[in-house]
Amino acid sequence: MSIESVKAFISQHAPDIEIIETDGVTATVEQAAIVHNVEPNQIAKTLSLKVKNEVVLVVCAGEARLDNQKIKQALGSKARMLRAEEVVALTSHPVGGVCPFGLPSDLAVYCDVSLQQYSEVLPAAGSVNSAIRISPQRMLELTKGAWIDICQ
C-alpha cells in the first residue's frame with residue numbers, strides 16, 4: 001500500500017511531520033482544500049510527466065496550470081502527462097494521492113515557484129485521503145528537488 005511507503009519515508013527522514021489521514025476523500029484540489037480548511041493553492045498537487053524518455057514529478061500550487069512553452073524552455077522538450085496506470089506503476093501512489101515521497105525508485109522532482117507564496121502547503125501522502133503539512137522549502141530539501149518555473 002502506497003501510504004505505507006510514505007509513512008516509512010517520513011518516519012526515517014522527517015519524524016516530526018505527521019501524516020494526516022481523513023475520513024473524507026481528498027483526491028481533488030477542491031476536496032482537499034475543503035477538508036483541510038486551506039486555500040486551493042495551498043494544496044500541493046504532484047503531476048507525473050514524461051519528458052523525452054524521463055519521468056519527472058512536478059509539485060505545484062493546486063490551481064496552477066502547466067505552461068507548455070515554459071516546460072519546453074526549462075526541461076528542453078514537450079511533456080506529456082502519464083496515464084493513470086503509468087502513474088501507479090512508477091510512483092506506487094494512486095492518482096489523487098501522488099506525492100514526491102516514498103517512491104519505489106528515484107525520480108527527478110521539481111517544485112514550481114507557485115508554491116513559494118505559502119509558508120505551508122499540503123501534498124498528498126500516498127493515498128486519496130492523506131496529506132502532510134510542510135513548508136515548500138522543506139519539501140524541496142526532503143525530495144532533493146529543484147525549483148522550477150513552468151506554470152501559468
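Basis for what follows: all heavy atoms, side chains included, without hydrogens, waters or symmetry-related copies. Everything numeric in this text was worked out from a predicted model, so none of it was measured.
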Problem - Audit row: Leu107, Val56, side-chain contact (heavy atoms from CB on, under 4.5 Å) steps and yes/no - result: CA-CA 6 Å; Leu107 296 176; Val56 301; over 6 Å; no

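The shortest heavy-atom contact between Val35 and Val25 is CG2-O, 4.4 Å. In terms of heavy atoms, Leu122 sits closest to His36 at CD2-CG, 3.6 Å. For Thr46 against Cys99, the heavy-atom pair with the smallest separation is OG1-CA, 3.6 Å. Nearest heavy-atom pair across Cys111 and Trp147 is O-CE3, 3.0 Å. Of all heavy-atom pairs spanning Ala79 and Ile71, the tightest one is CB-CG2, 3.7 Å. Here the closest non-hydrogen pair linking Ala44 and Leu115 is CB-CD2, 4.0 Å.
Contact check on Lys70 versus Asp112 returns no salt bridge, with no Lys/Arg side-chain nitrogen under 4.0 Å from an Asp/Glu carboxylate oxygen. Under a 4.0 Å N-O distance rule, the pair Lys52/Glu54 does not qualify as a salt bridge. Checked for salt-bridge contact, Arg138 and Glu120 miss the test: no charged N lies under 4.0 Å from a carboxylate O. By the 4.0 Å N-to-carboxylate-O rule, Glu86 lies close enough to Arg80 to be salt-bridged with it.
Under a 3.5 Å cut-off, the side chain of Asn129 and the backbone N or O of Thr22 do form a donor-acceptor pair. Between the side chain of Ser2 and the backbone N or O of Ser92, at least one donor-acceptor pair lies under 3.5 Å. Distance alone, capped at 3.5 Å, places no donor-acceptor pair between the Thr26 side chain and the Ala32 backbone. Within the 3.5 Å criterion, the main-chain N or O of Ala61 finds a donor-acceptor partner in the side chain of Ser114. For Gln12 (side chain) and Ala8 (main-chain N/O), no donor-acceptor pair under 3.5 Å exists by modelled atom type. A donor-acceptor contact shorter than 3.5 Å links the side chain of Lys45 to the backbone of Ala64. For the pair His93 (side chain) and Phe101 (backbone), a donor-acceptor distance under 3.5 Å is present.
A side-chain donor-acceptor contact under 3.5 Å links Gln137 and Glu141.
Taking NZ of Lys72 as the start and CG of Asp67 as the end, the distance is 12.5 Å to the nearest 0.5 Å. Atoms CD and SG, from Glu63 and Cys151 in turn, are 12.0 Å apart once rounded to the nearest 0.5 Å. Distance check, rounded to the nearest 0.5 Å: CG of Leu103 to CG of Leu90 gives 10.0 Å. Atom CZ of Arg133 is separated from atom CD1 of Ile19 by 14.0 Å, given to the nearest 0.5 angstrom. Rounding to the nearest 0.5 Å places CZ of Phe9 at 8.5 Å from CD1 of Ile132. With rounding to the nearest 0.5 angstrom, the CE atom of Met139 is 10.0 Å from the CD1 atom of Ile17.
You'll find the side chain of Ile134 reaches within 4.5 Å of the side chain of Val121, heavy atoms only. Put simply, the side chain of Ile10 does not reach to within 4.5 Å of the side chain of Pro15, judged on heavy atoms.
Within a 6.0 Å sphere centred on CG of Asp16, heavy atoms belonging to other residues, nucleotides or ligands number more than 12.
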